Participant: 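Below is a structure I'd like to ask you about.
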Amino acid sequence: MSLSTKYDPTETESKWYKFWLEEKMFASTVNHRKEPYTIVIPPPNVTGVLHMGHMLNNTIQDVLIRKARMEGKNACWVPGTDHASIATEAKVVGMLKAKGIDKKSITREEFLAYAREWKEKYGGIILEQLKKLGASCDWDRTRFTMDADMSDAVTSVFVDLHKKGKIYRGIRMVNWDPLGRTALSDDEVIFKEVNSKLYYINYKIEGNENEFLTIATTRPETIMADVAICINPNDARFAHLKGEKAIIPLINRAIPILEDDYVDMEFGTGCLKITPAHDINDYEIGLRHQLPVIDIINEDGTLNEKAEILIGEDRFIARKKITKLLKKADQLVKEEEYQSNIGHSERTDAVIEPKLSLQWFLNMETITQPALKAVMDNVVQLYPPKFKNMYRSWMENVRDWCISRQLWWGHQIPAFYLPNGEYVVAKTQEEALEIANEKFNATFLPSELTQDEDVLDTWFSAWLWPISVFDPEFFTTGEKKEDLKYYYPTNDLVTAPEILFFWVARMIIAGYEYTGEKPFRNVYLTGIVRDKLGRKMSKSLGNSPDPLELIKIYGADGVRTGMLFSSPAGNDLPFDLKLVEQGRNFANKIWNAFRLIKGWEIDANLSAGDNRAAMEWFEHKYNQSLVEIEDHFSKFRISDALMSTYKLVWDDFCSWYLEMVKPPYQHPIDQETYNKTIGFLEGILKLLHPFMPFITEELWHEIKDREVSEALIVSQWPKARSYDEKIIKDAQHIFEVVSQIRNIRASKGISPKEAFELTIHTTCPGIYQSFEPVLKKLANLNSLSFDQNVDNAISFVVKSDEFFIPAGDQVDLEKEKETLLKEIEYTKGFLASVNKKLSNERFVNNAPAAVVAAEKKKMADAQGKINALEESLAKLG
RNA sequence: AGGUCGUUAGCUCAGUUGGUUCAGAGCGCUGCCUUGACAGGGCAGAGGUCACCAGUUCGAGUCUGGUACGGCCUACCA
């Protein structure tokens, strides 16, 4: 045998990937005679590297796309990358810092040059990694969200939405990331439980040296921005202070004492300091009472001159210093340990600073309506559907979307400011100039127009992805090109639930806004890949294996199946190397099944006679499994589809079928069985291909030489034929008998090599006769007979048939009796419970006839079994 | 705090209109097996009051209500 006993994936994988690429097997072009099947990839960060989440996600997409391709559909999987403003800019800033360059010291153009250079160097690595996984993307269609035409689409959409009045500019309290120096959307803020302190500070009352109020705060460094003290109107303790003024410690500024229902009398001291510039709730209270806003914190989180003291200090340093100062001034009453949830930047992990600033917003009120309806009506179907509720509550409570980011890497906002303080929104500066001149009846110079410094939120380009990858000009011209008409709406989207709102919801919104159609039919939400401790696998935690290393060790097929063994839609995947090992072992099992078949010599003179039952059975079994697999796929139960395939291959094909037909060692096989077996193997390779593309393509060609056009990847997915359940059930029964006999050998220490003479007492010998060769071979019987009396035998019962194996001295009579008695007792108990049910008139009258009949059959079967067992017992004497 | 989903074998999970494919699968575990396709293997086996309490029903893992615990989403009291 020339083939190794172990499957080695390395060479195979690169060989076939190259083959598929060279033969353009992944490429798709418009073809109206074929039904399109389209997936757009969730574009990974252009400078990112593959992590376990990508592996899971893209494996699922590849399974779907490969199956669709085999089903004869025009399968198109569009790959690409995302510019990921914040993440990429943070990386570039870090890189510059390492070089000793401060972002603030260079111009926007210089910075972007560095960023582009960085992108050229690292960009697209992740796509190369996907190829190692076997991803069958149409690489000719690769897109980047900052390609010129893709960017143009984004600008057009901004201008359009502004024209429609949906985009506006306003002062809002935003989540400020002092490290990234940008505003973040609410979704980019992660709340974490943090141990902090509650500081109790005394504020003196103006004109009364002896009286003071104590407030509790976690942020003493913001007291200089206080504009009021608030108490609850029902709080008798402080009622007398209403209308008085309190004096801010250290800076001695007087502020009014007000009443507001918002204040919780129970919490802290019942007095709340109002700092509108640095707290969202205080801001709202400030609006109610028309309080001024004093902003004492700079964009980088340091205190400014309005703070009067500690100017230039970082907010956290300032906190420490001010507590010392307060202590010195004898105005710090106490410090208390306190747990609170603090917002952190998703990207930089900096503590979020609520900050008032001028930002661009998209009004979400009406634009979301069709997108909400689409999901509620299952026009867009979420898998699993439990996410519908989440989706609804988010869409119903959505706030306006802050779309501006104070970054340079991204799509610069197409708004141009004029010397007169006004601004115009236009695609280009020339257009802006024209509009401005007309609008203000003036003649501005191009140099007088300055474009907004900010860029757009990354999701503001990503939400156009399913449309723009096919036809970015559509957003400018409004005319659909062939590709867009043909491939859109796409079929399935596979992504993580974390970005259901960031991305999925917004794609649906954009889809309806611009095409009047859904962007995709189904959304498959994968789980999060977690480690054994339940932690999300991440680079920063260092708990994630290197996916490429895994592929190297276990093979892409092994890793793919390993990931899918345990990942139902919407459920987290508790990653375990064991699973990948199982995947690799599975590949090896398939490999060895092939080795066995390949090793057979064919003898044209032999007849298939004895193997016909096995072949007939497997044919039916295969079709039964295929129906099951199709059903799982139709419900996006990918793990279940894989498991059904796994069992068909391992249990039914390898453990049963091959054992049934395989000739004795070094004996030849007949032509018919060989041909059939090869046919079965081919059918199996097809079912396996979406999951394990490499080994299957390899074996497909090992079986025989084939033309390029006959490659497995483009072969036809099998169509399920009807199958006879009786044959499958009969075989099941035979297998049970085989197991029982093996069990007897195992428990009695009889060698498998010792052949038995089996006698069967049954009312329907036909089933045993049709499977006789199988039974003899698998159970190692030298004879099979019926209705013979057997003395001194080991016996067992399957259903109501009775089996005897003469066993000479090996029988321990007492033990046999005991076993039989036990089983009789159990069966009698069972019979009693059935009888009880049947003698219950209400059951017999109310239950459907079929159920009653089933119950009666149960009774008869049990009675038959008891009879058989008692007969066996009697024989033992 | 509100909403929502969940709790089935040691682990990860199926269980679709209440009744024979209802107590399942894969992994793990235990025992035996090595010239024979595969030890990355074979054969056999053990393991669960279906979280708890009540109710509806002839009949509940499945339906209803409650309790406990857990996940997720949203909102956050300085």
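Just so we're clear, the structure is a prediction, and the values are computed from it rather than from any experiment. Per chain, numbering begins at 1; letters A, B, ... match sequence-line order.
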Participant: Mind checking if A:Thr269 touches a base, just sugar-phosphate, or nothing, with heavy atoms under 4.0 Å?
Facilitator: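 Here A:Thr269 touches no strand at all.
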Participant: Quick one: the side chain of A:Lys589 and the base of B:C38, do they pair up donor-acceptor inside 3.5 Å?
Facilitator: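 When only heavy-atom distances are counted, A:Lys589 does reach the base of B:C38 through a donor-acceptor pair under 3.5 Å.
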Participant: Which nucleotide in the set B:C38, B:G42, B:C73 lies at the smallest distance from any side-chain heavy atom of A:Phe501?
Facilitator: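 Nearest to the side chain of A:Phe501 among the choices is B:C73.
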Participant: Measure from CZ on A:Arg584 to C1' on B:G26 and round the result to the nearest Å.
Facilitator: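 Going from A:Arg584 (CZ) to B:G26 (C1'), I get 17 Å.
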Participant: Return the value, rounded to whole Å, for the distance between atom CZ of A:Arg530 and atom C1' of B:C11.
Facilitator: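 After rounding, the gap between these two atoms is 16 Å.
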Participant: Distance check needed: B:U74 P versus A:Met395 CE, whole Å only.
Facilitator: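 Computing the A:Met395:CE to B:U74:P distance gives 14 Å.
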Participant: Within this structure, what is the CG-to-C1' distance between A:Leu596 and B:G41, rounded to whole angstrom?
Facilitator: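 Atom CG in A:Leu596 sits about 13 Å away from atom C1' in B:G41.
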Participant: Using atom types as modelled and distance alone, determine if a side-chain donor or acceptor of A:Asp279 lies under 3.5 Å from a backbone N or O of A:Thr275.
Facilitator: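 Looks like no, no N/O pair under 3.5 Å.
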Participant: Rounded off to whole Å, could you give me the CD-to-P distance for the A:Glu628 and B:U21 pair?
Facilitator: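 Between P of B:U21 and CD of A:Glu628: 15 Å.
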Participant: Is there, by distance only and without an angle test, a donor paired with an acceptor across the side chain of A:Glu659 and the base of B:A37 below 3.5 Å?
Facilitator: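 Looking at the base of B:A37, it does pair with a donor or acceptor on the side chain of A:Glu659 (distance under 3.5 Å).
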Participant: Before giving the answer on ring-ring contact (aromatic ring centres under 6.0 Å, His included), spell out for A:Phe691 and A:Tyr646 the whole-Å C-alpha distance, their side-chain angles and the decisive distance to 0.1 Å.
Facilitator: CA-CA 10 Å; A:Phe691 299 108; A:Tyr646 180 83; over 10 Å; no
Participant: Let's test this: given Watson-Crick or G-U wobble pairing with both distances under 3.5 Å, identify the partner of B:A46.
Facilitator: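 Base partner found: none.
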Participant: Given that both distances must come in under 3.5 Å, which nucleotide forms a Watson-Crick or G-U wobble pair with B:G3?
Facilitator: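 Partner of B:G3: B:C72.
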Participant: Considering just the side-chain nitrogens and oxygens of A:Ser566, establish if one lies under 4.0 Å of OP1 or OP2 belonging to B:C13.
Facilitator: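 Checking A:Ser566 against B:C13: no side-chain N or O falls below 4.0 Å of OP1 or OP2.
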Participant: Nearest whole Å is fine: how far is B:G36 C1' from A:Lys598 NZ?
Facilitator: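 My rounded result for the distance is 20 Å.
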Participant: Taking any strand in view, what nucleotide pairs with B:G59 in a Watson-Crick or G-U wobble way, both distances under 3.5 Å?
Facilitator: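 Here B:G59 is not engaged in any pair, so there is no nucleotide opposite it.
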Participant: Does any non-hydrogen side-chain atom of A:Leu198 lie less than 4.5 Å from one of A:Glu335?
Facilitator: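 Not in contact.
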Participant: Between B:C77 and A:Asn281, is there an OP1 or OP2 to side-chain N/O distance shorter than 4.0 Å?
Facilitator: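 Checking A:Asn281 against B:C77: at least one side-chain N or O falls below 4.0 Å of OP1 or OP2.
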Participant: Using a heavy-atom cut-off of 4.0 Å across all strands, would you classify A:Thr217 as base, sugar-phosphate, or nothing?
Facilitator: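 Touches sugar-phosphate only.
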Participant: Can you tell me if A:Asp572 uses its side chain to pair, donor with acceptor, with the backbone of A:Gly527 under 3.5 Å?
Facilitator: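 Checking the backbone N and O of A:Gly527 against the side chain of A:Asp572, no donor-acceptor pair under 3.5 Å is found.
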Participant: Among B:A37, B:C72, B:C5, which nucleotide has an atom closest to any side-chain atom of A:Met390?
Facilitator: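 Per side-chain heavy atoms of A:Met390, the pick is B:C72.
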